[in-house]
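The structure appears right after this line, and notes come after that.
Scope of the values below: all heavy atoms of this structure, side chains included, with no hydrogens, waters or symmetry mates. Keep in mind that what you see is a predicted model, and the values were worked out from it rather than measured. Along the sequence shown, the residues carry numbers beginning at 1.
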Amino acid sequence: MNEYEKPTRPKHSLFRLGALGVAMAAVLTFSSLQASAARVKEVVPMGRAVGIKLFSDGVLVVGTSEVEGQNPARACGLREGDIITHINSEEVDSIEEVRDLLQTIGGQPMSIRATRGEKQVQLTASAVQCTADGTYKLGAWIRDSMAGIGTLTYWDPETGAFGALGHGINDVDTSKLMPLQSGGLMYTEVTDVKKGVAGEPGELHGAFQVQRDLGPLAANTKSGIFGTLTDKAMTTGQTPVPVAKRKEVKVGTASILSNIAGDQVEEYQVEIVRIYPNSDTDTRDMMIRVTDPRLLETTGGIVQGMSGSPILQNGKLIGAVTHVLVSDPTQGYAILAEDMIEAC
């Protein structure tokens with residue numbers, strides 16, 4: 001997410017030798033490029049539950065409401081899903097910053113700069129004073145941060161980079177990808193599991209150690225979240241495995257690494273049911289089914305918080321769990337590891 005002269009034969013021979021040397025160098029360089037291209041990427045599959053915190057770049061509008069019978073946010077053209085980045089040329093990244101600016105500006109007209117999809121929009125609004133507490137309000141529900149639990153997919157010992165979730169962090173109300181300003185992973189222990197049943201997905205519950213940061217986030221993408229692992233305690237003794245190419249992934253038996261109790265990562269059996277050709281959804285390259293009796297007994301299959309659980313087949317990392325089927329928690333979708341790593 002750029003000389004030789006040849007008045008005599010001896011000089012001509014030198015020219016030929018020099019040209020040959022250049023040709024040999026070119027062959028060696030091409031061979032080096034071939035060797036580099038042929039080198040298989042290796043990462044450490046993790047499967048560790050982590051706390052995830054994300055602070056947005058700007059504030060996300062998740063809805064509008066009336067203030068004293070007026071709706072200034074809607075009247076000025078703000079829409080659900082817009083990301084407010086500036087008010088009167090002042091950059092805003094938090095709810096507190098927006099609230100403080102509104103009180104300073106009062107009922108005077110203000111300019112609002114927002115991102116809408118790939119476009120920048122410029123709007124003009126006037127806040128309305130609320131009679132209940134005297135504060136000025138824009139009539140927009142906004143969000144500036146999110147936190148939750150997910151699974152660390154892999155760590156790259158060569159670069160220190162990590163990948164997690166296998167899908168992006170989206171706002172729960174608008175389904176929009178949260179714009180990342182900052183964030184990171186927190187050390188977490190799984191305290192209990194809400195078992196999934198048909199029609200009601202389960203979830204992992206965890207206790208975050210907010211003072212123990214594992215590493216900062218660098219990107220929030222449709223294919224996962226990425227950053228650098230600074231606390232490498234959990235990687236001690238872990239062995240890298242090759243990352244499989246799409247053509248190497250086969251329908252049939254596989255396994256996942258997941259952390260559903262405390263801080264222990266265990267391996268569970270699954271089946272690759274289907275591989276979708278050239279999926280354009282970014283996160284639904286495969287359909288998987290949990291077959292391990294232990295995991296089915298504890299979680300019912302795939303639950304929220306297991307997103308990012310690495311999938312292994314034939315000694316290679318082939319993908320990561322991304323979604324559960326609401327109608328059948330024993331099944332879910334997964335992203336190919338190759339696609340996930342290419343997105344970081």
Side-chain angles (χ1 to χ4, degrees), residues 45-54 62 143 145-154 162-178 183-210 214 217 220-226 255-268 270 273 281-292 294-311 319-335 340:
M46 298 300 297
R48 185 72 164 76
V50 290
I52 302 167
K53 55 185 177 181
L54 181 151
V62 298
R143 181 167 289 128
S145 62
M146 295 186 74
I149 188 171
T151 298
L152 185 61
T153 306
Y154 69 85
F162 69 77
L165 290 186
H167 61 74
I169 298 176
N170 296 330
D171 175 69
V172 294
D173 294 305
T174 65
S175 297
K176 300 289 186 181
L177 197 68
M178 290 288 286
L185 304 185
M186 298 174 286
Y187 183 86
T188 299
E189 292 188 0
V190 178
T191 55
D192 63 89
V193 180
K194 175 186 174 184
K195 189 173 182 178
V197 296
E200 188 177 353
E203 61 183 350
L204 300 181
H205 298 150
F208 301 163
Q209 291 187 14
V210 295
L214 301 179
L217 294 184
N220 177 31
T221 77
K222 293 180 180 179
S223 300
I225 59 173
F226 305 94
S255 63
I256 65 171
L257 298 179
S258 200
N259 175 191
I260 61 171
D263 61 0
Q264 298 301 306
V265 177
E266 295 193 48
E267 188 170 8
Y268 300 98
V270 299
V273 177
T281 62
D282 297 316
T283 60
R284 301 185 183 188
D285 294 319
M286 296 179 283
M287 173 75 77
I288 66 171
R289 177 187 293 118
V290 175
T291 57
D292 197 298
R294 298 170 301 149
L295 191 57
L296 291 170
E297 175 64 26
T298 304
T299 66
I302 300 168
V303 299
Q304 297 176 45
M306 284 174 61
S307 292
S309 295
I311 307 172
V321 176
T322 59
H323 296 82
V324 59
L325 289 184
V326 175
S327 60
D328 180 5
T330 68
Q331 296 192 83
Y333 293 105
I335 184 174
M340 186 176 178

Kindly give the heavy-atom pair with the smallest separation between [X] and [Y], and that separation in Å.
| X | Y | value |
| --- | --- | --- |
| S309 | S258 | OG-OG, 3.3 Å |
| N259 | V190 | O-CG2, 3.4 Å |
| T153 | L165 | OG1-N, 3.8 Å |
| A198 | S327 | CB-O, 3.4 Å |
| L177 | K222 | CD2-N, 4.3 Å |
| R294 | E266 | NH1-OE1, 3.1 Å |

* Asked: If you count the non-hydrogen atoms of other residues, nucleotides and ligands that lie under 6.0 Å from CD in Q209, is the total more than 12?
  -> yes
Applying salt bridge (charged side-chain N to carboxylate O under 4.0 Å, His left out) to D173 and not counting sequence neighbours gives R143
By salt bridge (charged side-chain N to carboxylate O under 4.0 Å, His left out), K195 pairs with (sequence neighbours left out) none
Heavy-atom side-chain contact between [X] and [Y] under 4.5 Å:
| X | Y | answer |
| --- | --- | --- |
| I225 | L185 | yes |
| M306 | V290 | no |
| R48 | D263 | yes |
| V321 | T151 | no |
| I260 | Y268 | yes |
| V172 | M146 | yes |
| V324 | V303 | no |
| F208 | K53 | no |

[X]: what forms a side-chain hydrogen bond (donor to acceptor under 3.5 Å, both in side chains) with it, not counting sequence neighbours?
| X | answer |
| --- | --- |
| Q264 | none |
| N220 | none |
| R289 | E271 |
| Q304 | none |

Please report the interatomic distance [atom1]([X]) to [atom2]([Y]), rounded to the nearest 0.5 Å.
| X | Y | atom1 | atom2 | result |
| --- | --- | --- | --- | --- |
| F226 | T221 | CZ | OG1 | 4.5 Å |
| K194 | T299 | NZ | OG1 | 13.5 Å |
| I302 | I288 | CD1 | CD1 | 4.0 Å |
| D285 | T322 | CG | OG1 | 8.0 Å |

Which of T191, D192, T188 passes side-chain hydrogen bond (donor to acceptor under 3.5 Å, both in side chains) with H205? Answer is D192
Discussion item. Please evaluate residues Y154 and M340 with respect to the criterion side-chain contact (heavy atoms from CB on, under 4.5 Å), reporting the C-alpha separation (whole Å), side-chain torsions for both, the decisive distance (0.1 Å), and the verdict.
Written reply: CA-CA 10 Å; Y154 69 85; M340 186 176 178; 4.3 Å; yes
**Report entry** CA sep, side-chain torsions, deciding dist, call: M287, L325, side-chain contact (heavy atoms from CB on, under 4.5 Å)
**Finding:** CA-CA 10 Å; M287 173 75 77; L325 289 184; 4.1 Å; yes
May I ask you to decide if the ring planes of H323 and Y333 are parallel, tilted or perpendicular, using 30° and 60° as cut-offs? perpendicular
